[in-house]
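Here is the structure we will look at, set down as structure tokens.
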Amino acid sequence: MLRPVTTYVVITSLIGAFQIFEAVYLVFRTNANTIGGVLDSGLMIVPYLYDQGFTHFQLGYASAIAWVLFVIIFAVSLVNLRLGRATKEL
């Protein structure tokens with residue numbers, strides 16, 4: 001009975017973890033207008049997308065990063081759904 005709820009919570013938590021922006025933007029913003037801190041130690045994919053698109057004006061590259069993020073989240077979600085279905089048959 002809890003399997004659909006657990007699957008939903010895991011997928012939405014995964015999407016939320018990939019889309020962390022505010023903490024990295026606020027904590028690791030430097031004077032050089034780069035996001036990520038010293039040697040990009042705190043850089044995540046969404047702040048990197050923002051930095052490339054709106055600071056460096058490389059909109060095509062930022063769009064490619066967004067598509068890669070979509071593919072990663074979609075693939076991990078499919079794996080999670082398949083594993084949930086496989087354990088349902090046990």
Side-chain angles (χ1 to χ4, degrees):
M1 299 288 286
L2 288 177
R3 186 169 293 117
V5 174
T6 304
T7 302
Y8 173 76
V9 168
V10 168
I11 290 174
T12 55
S13 300
L14 178 76
I15 292 170
F18 271 115
Q19 293 181 347
I20 292 175
F21 177 75
E22 295 90 6
V24 175
Y25 186 76
L26 292 175
V27 174
F28 292 107
R29 183 96 173 157
T30 62
N31 293 335
N33 291 330
T34 58
I35 300 173
V38 178
L39 297 175
D40 293 332
S41 61
L43 191 61
M44 302 290 287
I45 192 164
V46 173
Y48 181 67
L49 185 151
Y50 174 82
D51 189 40
Q52 292 300 315
F54 296 111
T55 303
H56 300 293
F57 298 108
Q58 296 179 345
L59 298 178
Y61 185 59
S63 177
I65 294 169
W67 275 104
V68 169
L69 177 64
F70 168 74
V71 168
I72 290 170
I73 290 173
F74 186 74
V76 173
S77 296
L78 279 180
V79 167
N80 190 6
L81 289 171
R82 299 280 183 197
L83 288 176
R85 189 178 304 155
T87 58
K88 186 177 182 179
E89 295 173 359
L90 295 176

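Residue numbers run from 1 in the order of the sequence given. These numbers come from the heavy atoms of this one structure, side chains and all, not from hydrogens, waters or symmetry mates.
Leu59 is not connected to Tyr61 by any chain of hydrophobic side-chain contacts under 4.5 Å among Ile, Leu, Val, Met, Phe, Trp and Tyr, and they are in different clusters. Transitive grouping of hydrophobic side chains (ILVMFWY, heavy atoms separated by less than 4.5 Å) keeps Val10 and Ile73 in distinct clusters. A single hydrophobic cluster is not seen to contain both Tyr48 and Phe70; linkage of ILVMFWY side chains at heavy-atom distances under 4.5 Å, directly or through other members, places them apart. In terms of hydrophobic clustering, with Ile, Leu, Val, Met, Phe, Trp and Tyr side chains grouped at heavy-atom distances under 4.5 Å, Ile20 and Val46 are assigned to a common cluster.
Here CZ of Phe74 is found 11.0 Å from CD1 of Ile15. Values are rounded to the nearest 0.5 Å. The CG atom of Leu49 sits 11.5 Å away from atom CD of Gln58, with the distance rounded to the nearest 0.5 Å.
Scanning both residues, Ala17 and Met44, for their nearest heavy atoms gives O-CE, 4.0 Å.
Counting non-hydrogen atoms of neighbouring residues, nucleotides and ligands closer than 6.0 angstrom, the CG atom of Leu2 reaches no more than 12 such neighbours. Residue Phe21 places its CZ atom among more than 12 non-hydrogen atoms of other residues, nucleotides or ligands, all under 6.0 Å distant.
The side-chain hydrogen bond (donor to acceptor under 3.5 Å, both in side chains) contacts involving residues 67-80 comprise nothing, where partners must be two or more places apart or lie in separate chains.
Of the possible polar contacts, one joining the Thr12 side chain to the Val9 backbone as a donor-acceptor pair under 3.5 Å is found. Thr7 places a side-chain N or O within 3.5 Å of a backbone atom of Arg3 that can act as its donor or acceptor partner.
When Val71, Ile72, Ile65 are each tested for a side chain to side chain contact (heavy atoms under 4.5 Å, CB included) with Val68, only one passes: Ile72.
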